[in-house]
Amino acid sequence: MTAQNPNLAELDRRLAEKQISGIWRIPPGARPGDPKTKVQPYLWKWADVYDGLLQARDQIDIERGTAERRTLRLVNPGVPESEMTSHTMLFAFQLIQPGEVAPPHRHTMAAIRFILQGKGGYTNVGGEKMVMEDGDLILTPQWAWHEHAHEGAEPMIWLDGLDVPFVQSLQVISFEPYPEKRMAVQNNPYDSSAYGMGRPVTREEQKPAAPLHYRWRDIYPALKRLADGEPHPYEGYALEYVNPLTGGPSLPTLSCWLQLLKPGQRTRSHRHTSTVLYHAFRGSGTTVINGQPFHWEKGDTFVVPLWHWHEHASRSASEEAILFSMNDAPVLKPFGLYREQGAGESHLGL
Ligand code: 1HN
């Protein structure tokens, strides 16, 4: 704000020369009563993503040093210059062809993979070979070496979720290619979560610090059991993928959920200071975000920006809807910045 008083304007100018600024220069609008975000509610259609992946399949070869991943990012129209999905998180879709290897590397960003289609691909994280199946969630903790490879017959597609813009905002991005062409697969007979809550007894300490692989075949029956009970007013039926060692979120910066809406089910509206990226894994529904309806079907992806009222409704009379989601609540809660507010009754304008 430019000062009206010429003496004050002169003071501001002299201070600015010394890299000093009076707090009176902050415009009143910059101190909103409510959190404000540039991130906009938005929905990406599966047909557009899928078509883009198929075209990229024909034009991009996965190569070390150039295109290390055949990955499409979802760009939020409110933060276009960042090419990120929100101010804290990135959702991207990756396609790998039979016989290809996405070369090994590591970075200070944490990543998750949620598997969408194909068979025979695997991710190697820190030597642990995890074969990908539809609906599986696989974690790549920060600074863990990882590569993807495909021993199957048809293209594999998965959803990548990362904390890139958050790590970027802290200016602590580091990236390192693996010193060799391929990562070795650790010579242990199991992957860390093949036996649910059990851990095979081995002669040596071969186990990783925490399980990295959450299987559809385990989580889906668990979600169905949850849906035998009372629904959560704002979430329907939702499971958070927890780190069993800490009881905390999937990763230090990201929390992943799997959510079920029964046919015709609708939730009440609420808002919170975390941002959520949703991917519709099954079924169809409508999410109303600050009064604007977003209709989603299997494969669509949408963002609920922070402090935006939102409620979900299933749009099928016979089929359940399943939403996979990732949120940034873990980077808010430790600092007392997580807030949540529920509305009274549903005001879903369907
Ligand atoms: C990355 O390393 C992968 O390893 C996928 O598959 C997506 C997006 C931004 C930065 C790094 C991967 C990524 C990424």
Side-chain angles (χ1 to χ4, degrees), residues 44 49-50 52-53 56-57 60-76 79-118 120-133 136-152 155-183 185 212-213 250-254 256 277 279 301 303 324 326 328:
W44 293 263
V49 169
Y50 190 59
L53 283 172
R57 175 187 64 178
I60 302 286
D61 290 322
I62 302 184
E63 273 171 279
R64 187 146 209 178
T66 53
E68 298 216 335
R69 303 288 189 265
R70 191 186 289 103
T71 302
L72 298 179
R73 293 176 293 180
L74 300 187
V75 179
N76 190 286
V79 289
E81 63 294 334
S82 72
E83 301 198 31
M84 295 289 154
T85 318
S86 83
H87 61 309
T88 47
M89 297 177 290
L90 172 66
F91 254 6
F93 292 89
Q94 184 161 171
L95 183 148
I96 185 168
Q97 293 268 64
E100 283 183 332
V101 176
H105 63 208
R106 65 177 175 181
H107 35 67
T108 46
M109 294 80 82
I112 64 100
R113 331 277 164 202
F114 186 72
I115 315 308
L116 300 176
Q117 50 176 268
Y122 69 87
T123 292
N124 181 340
V125 179
E128 188 176 331
K129 174 177 174 174
M130 288 169 281
V131 175
M132 301 163 150
E133 291 182 40
D136 285 3
L137 174 72
I138 297 177
L139 307 181
T140 305
Q142 57 191 97
W143 212 233
W145 294 112
H146 56 284
E147 71 171 24
H148 316 302
H150 193 358
E151 297 169 331
M156 284 217 64
I157 296 176
W158 64 81
L159 171 65
D160 289 306
L162 295 100
D163 56 6
V164 178
F166 174 71
V167 178
Q168 212 161 35
S169 72
L170 297 176
Q171 305 183 348
V172 288
I173 289 189
S174 293
F175 177 98
E176 192 180 7
Y178 194 66
E180 286 156 57
K181 208 158 180 245
R182 295 296 304 272
M183 285 170 65
V185 173
L212 302 174
H213 193 171
S250 329
L251 287 163
T253 51
L254 300 168
C256 295
L277 310 183
H279 178 78
T301 306
V303 51
F324 171 79
M326 182 173 93
D328 59 4

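Note that ligands are numbered from 1 as they come in the structure, with each ligand's atoms numbered from 1 the same way. Excluded from the calculations below are hydrogen atoms, water molecules and symmetry mates; all remaining heavy atoms, backbone and side chain alike, are included. The structure displayed is predicted, hence computed values, not measured ones.
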Practice task
Determine yes or no for a side-chain-to-main-chain donor-acceptor pair under 3.5 angstrom, with T71 supplying the side chain and A92 the backbone.
Solution key: no
Exercise for the section: Just jot down the ligand 1 atoms closer than 4.0 angstrom to any heavy atom of H148, in number order. Expected result: 4 (O), 6 (O), 12 (C)
Problem - 4.0 Å heavy-atom contact, R113 with ligand 1 - result: yes
Problem - Short side-chain to backbone donor-acceptor contact, H146 and A144, under 3.5 Å - result: yes
Fill in the blank from the handout: Residue, atom and distance of the protein heavy atom nearest atom 12 (C) of ligand 1 read R69 NE, 2.9 Å
Handout entry: Donor-acceptor pair, side chain of T253 and main chain of D163, under 3.5 angstrom
Key = no
Problem - Taking every non-hydrogen atom, the tightest pair across V303 and T85 - result: CG2-O, 4.3 Å
Problem - Check: R70 side chain, L95 main-chain N or O, donor-acceptor pair, under 3.5 Å - result: yes
Exercise for the section: Starting from atom 1 (C) of ligand 1, locate the nearest protein heavy atom and write down its residue, its atom name and how far away it is, to 0.1 Å. Expected result: H107 NE2, 3.8 Å
Practice task
Measure R73 to ligand 1 on non-hydrogen atoms and call it side chain, backbone, both or neither using the 4.0 Å cut-off.
Solution key: neither
Problem - The one among I173, L72, L162 that brings a heavy atom closest to atom 7 (C) of ligand 1 - result: L162
Practice task
Examine distances only and state if a side-chain atom of R73 and a backbone atom of F93 form a donor-acceptor pair shorter than 3.5 Å.
Solution key: no
Practice task
Tell me which part of L90 gets within contact of ligand 1: side chain, backbone, both or neither, using heavy atoms under 4.0 Å.
Solution key: side chain
Handout entry: Contact list for residues 170-182, test side chain to side chain donor-acceptor pair (under 3.5 Å), sequence neighbours left out
Key = R106-E176, Y122-R182, E147-R182
Fill in the blank from the handout: Short version for Q94: what comes under 4.0 Å of ligand 1, heavy atoms counted, is side chain
Practice task
For E147 and ligand 1, answer yes if some heavy atom of the residue is under 4.0 Å from a ligand atom, otherwise no.
Solution key: no
